[in-house]
Amino acid sequence: MSIIVTLINEHDKLKSEFLDCISNHLEKLNHTMLIVSNENDLYDSVKNNVRISGVIFFDDLKSKEIFETISHINSELPVFTFINNNTESDYSLYNINKSFYFFQYQLSSTADISDRISQIVDEYVDNLLPPLTKALFNYVKKDEYTFCTPGHMGGTAFESSPIGAVFYDFYGQNTMRSDVSISVSELGSLLDHSGPHREAEDLISETFNSDRSYIVTNGTSTANKIVGMYACPAGKTVLVDRNCHKSLTHLMMMTDVTPIYLIPTRNSYGILGGIPKQEFAKENIEKKVKETKNATWPVHAIITNSTYDGLFYKTDYIKKTLDVKSIHFDSAWVPYTNFHPIYANKAGMSGERVVGKTIYETQSTHKLLAAFSQASMIHVKGDFNERTFNETYMMHTTTSPLYSIVASCEVSAAMMKSNAGKKMVDESIELAIDFRREIKKLHDQTKDWFFDVWQPENIDKKECWPLDSINNWHGFKDIDDDHLFLDPIKVTLLTPGLDKHGNLQTDGIPASIVEKFLAEHGIIVEKTGPYSLLFLFSIGINRSKALTLLHKLAEFKILFDANETVSNVLPKLYNSDPVFYKTMRIKELADGIHKLVKHYNLPELMYNAFEHLPIMELTPHVAFQQEILGNAIECPLSELLNKVSANMILPYPPGIPVIMPGEKITEDNIEILKFLEMLCDIGSHYPGFETDIHGVYLNDDGEYVVKVLK
């Protein structure tokens, strides 16, 4: 059902009667009419109701203004105007638009006019659908009998069981009927890239400025492995961002490659910095090749862009500087970079081809655009062997894809292709900057404490703010100029306890306490550092959600300043161990964790832990093969020194490995072990504050253990 909004002066009886006839006809054709009496209400309706499929008004002196304003909001929206014999025929070019339609104001023609409006509106709605989604919707409407997978047969099987019926009712008929077999030929093939599937990929490629794009149905973890299996041949050497996602560690465990790590920086807040320019220099890579056992000149590089905390590189510099055949930008967190000018030259697909190089970019469509979980994309710019690449694609792609994930990826691209998509990104940026200003204003107005924002002093300009060596708001040491830029939509709030220079203050509020408070109120933080909280202002965030977050942060301050009991401020935490938290107050909890942080000197410990890498005794692939062969045993975490780790070890979030399979900690980098022990120690002292560390497990005796090679 579509909604058609109509502008009419209710005091004009003749036009009101005429529109009543039009409305009656259109409602019989399954359209809903919305009547407004002034231009501002008309614009607000079109702007705030995306289900409006048409606009009707009578031609008058404001026609040009109405046309232009609506076109700016949605250039494809059908606009219908009624003219009379007094209307001037000298229409300028602003009227010559495929979405503007003119009808004669004649009462005797209302039925024919209504039929034509209905047809145009239906065409508009139909044209909104991109090719694969349209083919899928049309197939579902046909209600054909199939004798193939999936076994629930459009939901029929679920309705044969009480619990199945509950499941069916929750998800609904269309969800069930659109879950179809790959055998449906009219939808083409995801694996052969044919039919509507290929049309969807072409739409995505055009939208995201690539030469070729692929839909991936198991997240960017899989997209990363697909690119890596093609670009990283066994026996070769690969440059890898040490702050890589664990999926890339898994890639190195699967493929017999020798990694050479590019070392990023961190600041005292634990915020992930970028890789310094010197790391990309040819002479530095030559040195690393000489120092790495069995290494040869690298054939491929893997760079995380942006970082988890929202730092972009100027990618042109990396593309031109790195002396490799191909570069893979893992851009899982930033699928929106092609849709706003502030991200120009900061993405893998930015700009033109680079002569002699192939650029890959993987993006999690579902993370910050509108798509279902697991929807991801691979973009390619440059020459590559599509047939061979497709073999690696099929190695990791299911032969039974969930078509709703595939369609959501295509729909997401179609949304962004339009002016409305670009406008959504622009509104996200504006909302994030407004939120930053509100936090900063409250911080500056509050005498004792309030949350601060990690950002430069001047954020008036809508841009990705540069990190430089002059203004040290960022807290990174020896920063390169014109190299890293902060994304405004990734908002990092700071809690008291630590300054930008890494100095721990007398009192502090560990961010994990604030995170738990927000979770109690249905607000989930993306990433929590010792004294920082990361929030993502995606296109799904609106002003009411931002205000709710602001309100809850203010509420936390009130409760904290009143020193309320833990049971009152954090009831779920209290319920996890009522005996331990029986009489504890919130300031006592904050002070206790803050003292532990000071005891370990966390800022210095964390900085050193990520600054000095463990020794690579074996490549991740060889180490994992040894574990498969049974040559791995459990070892207490406290005894990890001088032993070779069988698995990767990484605290989550952010899911960045501190130890790779095949690496060994020695006295030279013992800070890594101390950092892991500190994370475990906080969880041991305070129930509910345990850190999820991949590769570190509690055994039956309550001891933290890891797996090492015999």
Side-chain angles (χ1 to χ4, degrees), residues 241-244 261-279 303-313 333 436 439-440 443 451-457 459 464-488 490-505 508-512 514-515 525-536 594 597-598 600-613 650-651 653-658 669 671-672 674-675 678-679 691:
D241 186 340
R242 184 66 187 200
N243 277 357
C244 67
Y261 297 109
L262 300 171
I263 315 301
T265 58
R266 289 193 177 221
N267 66 11
S268 57
Y269 290 112
I271 293 172
L272 309 178
I275 301 166
K277 283 185 175 181
Q278 65 177 18
E279 286 286 296
I303 311 293
T304 306
N305 186 56
S306 84
T307 67
Y308 205 147
D309 300 281
L311 296 182
F312 280 107
Y313 294 99
W333 293 94
R436 288 170 175 273
I439 292 289
K440 196 66 180 174
H443 175 270
F451 301 94
D452 203 354
V453 196
W454 186 66
Q455 63 187 24
E457 287 298 320
I459 61 166
C464 287
W465 301 300
L467 282 66
D468 57 48
S469 55
I470 298 173
N471 303 303
N472 193 31
W473 58 268
H474 45 76
F476 290 109
K477 301 176 183 178
D478 302 320
I479 199 77
D480 293 306
D481 293 331
D482 197 32
H483 184 51
L484 291 169
F485 303 82
L486 175 61
D487 187 351
K490 293 194 172 182
V491 181
T492 297
L493 299 186
L494 306 175
T495 62
L498 185 68
D499 67 22
K500 66 181 180 182
H501 302 294
N503 300 313
L504 284 162
Q505 298 167 338
I509 304 175
S512 53
V514 184
E515 176 204 15
V525 180
E526 177 55 46
K527 189 192 78 149
T528 306
Y531 298 93
S532 65
L533 301 149
L534 175 65
F535 300 88
L536 308 181
H594 185 62
V597 170
K598 291 173 71 175
Y600 281 100
N601 192 13
L602 172 63
E604 189 68 23
L605 179 63
M606 185 165 52
Y607 185 85
N608 290 329
F610 289 94
E611 184 75 3
H612 304 292
L613 296 188
L650 71 163
I656 303 298
V658 294
N669 42 53
E671 289 88 354
I672 299 172
K674 290 180 179 178
F675 174 64
M678 184 216 67
L679 295 177
T691 301

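Quick note: numbers below take in every heavy atom, side chains included, and nothing from hydrogens, waters or symmetry partners.
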Distance from W465 atom CH2 to L484 atom CG, nearest 0.5 Å? 15.5 Å
Determine whether more than 12 heavy atoms belonging to other residues, nucleotides or ligands lie under 6.0 Å from atom NZ of K277. yes
Measure the CD1-OG1 distance between I271 and T307 for me, rounded to the nearest 0.5 Å. 9.0 Å
If you define the side chain from C-beta out and look only at heavy atoms, does anything of V453 sit under 4.5 Å from V491? yes
Note, L498 side chain near S268 side chain (heavy atom, < 4.5 Å): yes
Centre-to-centre under 6.0 Å for H594 and Y531, is that the case here? yes
Minimum heavy-atom distance between F476 and I479, given as atom pair plus value: CB-CD1, 3.8 Å
Side-chain (Y308) to main-chain (N243) donor-acceptor, under 3.5 angstrom: no
Test log, rule side-chain contact (heavy atoms from CB on, under 4.5 Å), inputs L533 and E515: CA-CA 8 Å; L533 301 149; E515 176 204 15; 4.0 Å; yes
Heavy-atom donor-acceptor pair, N267 side chain to H474 backbone, under 3.5 Å: yes
About how many Å separate CG of D480 and OH of Y313, when rounded to the nearest 0.5 Å? 10.0 Å
Under 6.0 Å from the CG atom of D478, do we count more than 12 heavy atoms belonging to anything else shown? no
Side-chain donor/acceptor of D452 to backbone N/O of L494, under 3.5 Å: no
Give a yes or no on whether the backbone of S469 and the side-chain of D481 come within a donor-acceptor separation of less than 3.5 Å. yes
Closest heavy-atom pair, D482 versus F485, reported as atoms and distance to 0.1 Å, is OD1-CZ, 3.6 Å
Smallest separation among heavy atoms of K490 and L486, with atom names: O-CD1, 4.5 Å
Is there a side-chain contact between K477 and T265, using heavy atoms and a 4.5 Å cut-off? no
Could you measure the distance from the CH2 atom of W454 to the CZ atom of R436? Nearest 0.5 Å is fine. 9.0 Å
Beyond-backbone contact of D487 with W333, side-chain heavy atoms, under 4.5 angstrom: no
Can you check whether I263's main-chain N or O pairs, donor with acceptor, with E279's side chain at less than 3.5 Å? yes
Side-chain donor/acceptor of H483 to backbone N/O of I275, under 3.5 Å: yes
Which of T304, L272, D241 passes side-chain contact (heavy atoms from CB on, under 4.5 Å) with P264? It is D241
Output yes when a side-chain donor or acceptor of S532 lies under 3.5 Å from a complementary backbone atom of T492, and no otherwise. no
Which distance, rounded to the nearest 0.5 Å, do you find between the CG of L602 and the CG of L504? 7.0 Å
Side-chain donor/acceptor of N471 to backbone N/O of W473, under 3.5 Å: no
Could you tell me the separation between the CD atom of E671 and the CD atom of E604, rounded to the nearest 0.5 Å? 8.5 Å
